[in-house]
Amino acid sequence: MAQNGQKIIVLGVNHAGTSVIRTLLSQNPNAQLVAYDRNDNISFLGCGIALTVSGVVKNPESLFYADVPALEKMGASVKMRHEVVQIDTDAKTLVVRNLENNEEFSDTYDVLVFAGGSWPIDPPIKNKELDNIEICKIFQHAKDLIAKADDPAIKNVAVIGAGYIGIELAEAYHEKGKHVSLIDMQDRVVPRYFDTDFTDRLQQDMQSHGINLVLGAGVSEYQGVDGRVTAVVTNKGTFPADLVIQSIGFRPNTSLLPHAEKTPNGALKVNEYMQTSIPGVYAVGDAVAIHHQATGKHENVALATNAVKSGLVVASHINGIHSLKLESVVGTNGICVFGNKLASTGLSEEAARQAGLDVASTFFSDNDRPEFMESYETVSIKLVYERETQRLLGAQIGSYGEGNHSESIYYLALAIQKGMTLPEIAMTDVYFLPHFNKPFHFVLSALLQAMGLNYAHSGA
């Protein structure tokens, strides 16, 4: 357990910080723990913003899963609207600013848990100070975006960035009756996670729903009238916009630790216990880079799942429980938009080649159940593997219809984390039942196809 009298400070009460606090105090109710956060709310599930904009989630308040009183009841001292402005890791001191009165004071720690999170990238686009140019991250942003979805004066919405958040927001505003332009510098959507085997169909479905997809386009400026945005200017034309949402990506907030070992994008490199290169300083959540099993390098994979797990590990390690560790990540993720239920893990084929890996791939599409059943739906899978060793490096799954098979990605993620090869994965003990799948399950069929054993034939 944390040593008696040992003072633990958690900087940031976000997903990762909340995970640290709840776990640490659950294991050790007598721990001395102080938390600081510059925001006035905690534990907001940003993944629900688009669902609230579209009206699926009726009450944005339901997107909070914890609150300050609950953490304080556990024994934490939580200081909201307090910003840490300086850290002296040699002296183990902090300078904290109370944002309510702007007064500063010092605090000390024995152990520091840095949960600085990330913030949306804000590029220097001309006239970005115009009204109705927004970003999307926290509850305050969500409230503005929700209100503007119901504003009849806003007819044209431009979303800058065709990553997960951008696509989800494009669908949400489309469902609210807005004309949506989705703009991105890349030549296709979500290229980081999916290859063209899946993005081609997704883009077709988006366009068939009426989304104006503007790809390979760089934004040069915003135009406005009377201080409000009216258009987005790109190298592929000018597009009307009464509302612009920038969802270009995120950058880790790690400037308070300038001497720590970092990746090129500023994320803090950590070991399996989330310890940074600075003694006595842990880091969790979006601010960290963890060993990526597929690339063999530290990667900044900013997902809520990783944030929560990193918090569990840190709290346990502080409390002397060393059996729980996060040795690697593979970036398992999913999205459900425009009838496409997609999941990926590890590296796409394009990403693997960009990383200099010698890879091969296989794509398999089939009906999910035997054709003698009353109904069946299409499911597709792509496997990316090291050519010489057949070690699995990445997988992508597309599930199309009322059912959902995307969760099969879980055991493929585990296989990547454990360094398994295609023949080893093919021998996984799985079941067959006509109600749910085929004798040659689509994952097994893809594995056999990659091994040159085409026993199963596509029915899709």
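A 4.5 Å side-chain heavy-atom check between Phe250 and Ile165 finds at least one atom pair inside the cut-off. Within the 4.5 Å cutoff, side-chain heavy atoms of Cys136 are placed close to those of Leu169. With a 4.5 Å cut-off on side-chain heavy atoms, Val337 and Glu168 count as touching. Using a 4.5 Å heavy-atom threshold, the side chains of Asn39 and Gln140 count as touching. Side-chain contact between Val111 and Gln6 is present, with heavy atoms from C-beta onward closer than 4.5 Å. Side-chain atoms of His15 and Val284, non-hydrogen and from C-beta on, never get closer than 4.5 Å to each other. Counting heavy atoms from C-beta on, the side chains of Asn156 and Phe239 never come closer than 4.5 Å. Taking 4.5 Å as the limit, every side-chain heavy atom of Lys126 sits out of range of all side-chain heavy atoms of Ser220.
Other residues, nucleotides and ligands contribute more than 12 heavy atoms inside 6.0 Å of the CZ atom of Arg81. Heavy-atom neighbours of His259 NE2 from other residues, nucleotides or ligands within 6.0 Å: at or below the threshold of 12. Within a 6.0 Å sphere centred on CG of Asp226, other residues, nucleotides and ligands contribute 12 heavy atoms or fewer. For Tyr410, the OH atom sits in a loose shell: 12 or fewer heavy atoms of surrounding residues, nucleotides or ligands are nearer than 6.0 Å. For NZ of Lys128, the number of neighbouring non-hydrogen atoms (other residues, nucleotides, ligands) closer than 6.0 Å is greater than 12. Residue Glu129 places its CD atom among more than 12 non-hydrogen atoms of other residues, nucleotides or ligands, all under 6.0 Å distant. With a 6.0 Å radius and a threshold of 12 heavy atoms from other residues, nucleotides or ligands, Met80 has its CE atom above the threshold.
When all heavy atoms of Ile409 and Ala395 are compared, the pair lying nearest together is CD1-O, 3.6 Å. In terms of heavy-atom proximity, Asn404 sits nearest to Ser406 at OD1-OG, 2.7 Å. The nearest pair of heavy atoms linking Pro191 to Ser348 is O-OG, 3.9 Å. The minimum heavy-atom distance linking Thr421 with Thr389 is given by the pair CG2-O, 3.6 Å. Closest non-hydrogen pair, Gln246 versus Pro123, comes out as NE2-CD, 4.1 Å. Nearest heavy atoms, Gly398 versus Leu342: CA-CD2, 3.6 Å.
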Discussion item. For a side-chain contact (heavy atoms from CB on, under 4.5 Å) check, start with the C-alpha distance between Val232 and Tyr222, then their side-chain angles and the critical distance, and finish with the verdict.
Written reply: CA-CA 5 Å; Val232 178; Tyr222 299 125; 3.9 Å; yes
Worksheet entry | Step-by-step side-chain contact (heavy atoms from CB on, under 4.5 Å) determination, Ile318 to Val113 | CA-CA 10 Å; Ile318 291 172; Val113 182; 3.9 Å; yes
Discussion item. Test salt bridge (Lys or Arg N to Asp or Glu O under 4.0 Å) on Glu134 and Lys148; report intermediate values, then the result.
Written reply: CA-CA 11 Å; Glu134 308 289 346; Lys148 286 168 182 175; 2.3 Å; yes
Worksheet item: Given the rule in the salt bridge (Lys or Arg N to Asp or Glu O under 4.0 Å) test, do Lys176 and Asp150 qualify, once you have shown the distances and angles that lead to the verdict?
Response: CA-CA 7 Å; Lys176 296 296 286 189; Asp150 294 321; 2.8 Å; yes
Worksheet entry | Worked check of salt bridge (Lys or Arg N to Asp or Glu O under 4.0 Å) between Lys325 and Glu272 | CA-CA 5 Å; Lys325 48 190 173 181; Glu272 67 270 31; 5.1 Å; no
Discussion item. Could you go through Ile245 and Tyr173, starting from their C-alpha distance and side-chain angles, then the distance that decides it, and tell me whether this counts as side-chain contact (heavy atoms from CB on, under 4.5 Å)?
Written reply: CA-CA 11 Å; Ile245 308 168; Tyr173 281 98; 3.3 Å; yes
Worksheet entry | side-chain contact (heavy atoms from CB on, under 4.5 Å) evaluation trace for Thr305 with Thr332 | CA-CA 9 Å; Thr305 48; Thr332 309; over 6 Å; no
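Taking the six-membered ring where tryptophan is involved, the planes of Tyr36 and Phe105 are tilted, since the angle between them lies from 30° to 60°. Taking the six-membered ring for Trp and thresholds of 30 and 60 degrees, His317 and Tyr282 have ring planes more than 60 degrees apart, a perpendicular arrangement. By the 30° and 60° cut-offs, the orientation of the rings of His174 relative to His209 is perpendicular.
A distance-only check finds a donor-acceptor pair linking the side chain of Gln203 to the backbone of Val189 [under 3.5 Å]. Without hydrogens or angle criteria, Asn306 side chain to Val301 main chain gives a donor-acceptor distance under 3.5 Å. When atom types are taken as modelled, the side chain of Thr199 and the backbone of Arg188 share no donor-acceptor pair closer than 3.5 angstrom. Using a distance-only test at 3.5 Å, with no hydrogens or angles considered, a donor-acceptor pair links the side chain of Asp195 to the main chain of Glu349. Counting only distance, with no hydrogens or angles, the side chain of Thr254 and the backbone of Gly266 share a donor-acceptor pair below 3.5 Å. When atom types are taken as modelled, the side chain of Asn132 and the backbone of Val229 share no donor-acceptor pair closer than 3.5 angstrom. No donor-acceptor pair under 3.5 Å is formed between the side chain of Ser181 and the backbone N or O of Ala158. When atom types are taken as modelled, the side chain of Asp107 and the backbone of Leu94 share no donor-acceptor pair closer than 3.5 angstrom. Under a 3.5 Å cut-off, the side chain of Asn212 and the backbone N or O of Val180 do not form any donor-acceptor pair. In this structure, the side chain of Thr230 engages the main chain of Gln223 through a donor-acceptor pair within 3.5 Å.
Under 3.5 Å, the side chains of Ser54 and Glu171 contain no donor-acceptor pair of N or O atoms. Neither side chain, Asp197 nor Gln396, offers a donor N or O lying under 3.5 Å from an acceptor on the other. When only modelled atom types and interatomic distance are considered, Ser118 and Lys137 share a side-chain donor-acceptor pair under 3.5 Å. Between Asn333 and Tyr193, the side chains place no donor N or O within less than 3.5 Å of an acceptor N or O (distance only, hydrogens not considered).
Note that the OG atom of Ser277 and the CD atom of Glu261 stand 5.5 Å from one another [nearest 0.5 Å]. Distance check, rounded to the nearest 0.5 Å: CD of Glu83 to CG of Leu11 gives 9.0 Å. Atoms CD and CG, on Gln186 and Leu215 in that order, are 9.5 Å from each other to the nearest 0.5 Å. Taken to the nearest 0.5 Å, the CD1 atom of Ile425 stands 11.5 Å off from the OH atom of Tyr385. Taken from CG in Leu393 to OG1 in Thr345, the straight-line distance is 11.0 Å, to the nearest 0.5 Å. Distance check: Tyr164 OH to Ser247 OG gives 14.0 Å after rounding to the nearest 0.5 Å.
Screening Leu257, Leu268, Val270 for a side-chain contact (heavy atoms from CB on, under 4.5 Å) involving Val281 leaves a single residue, Leu257.
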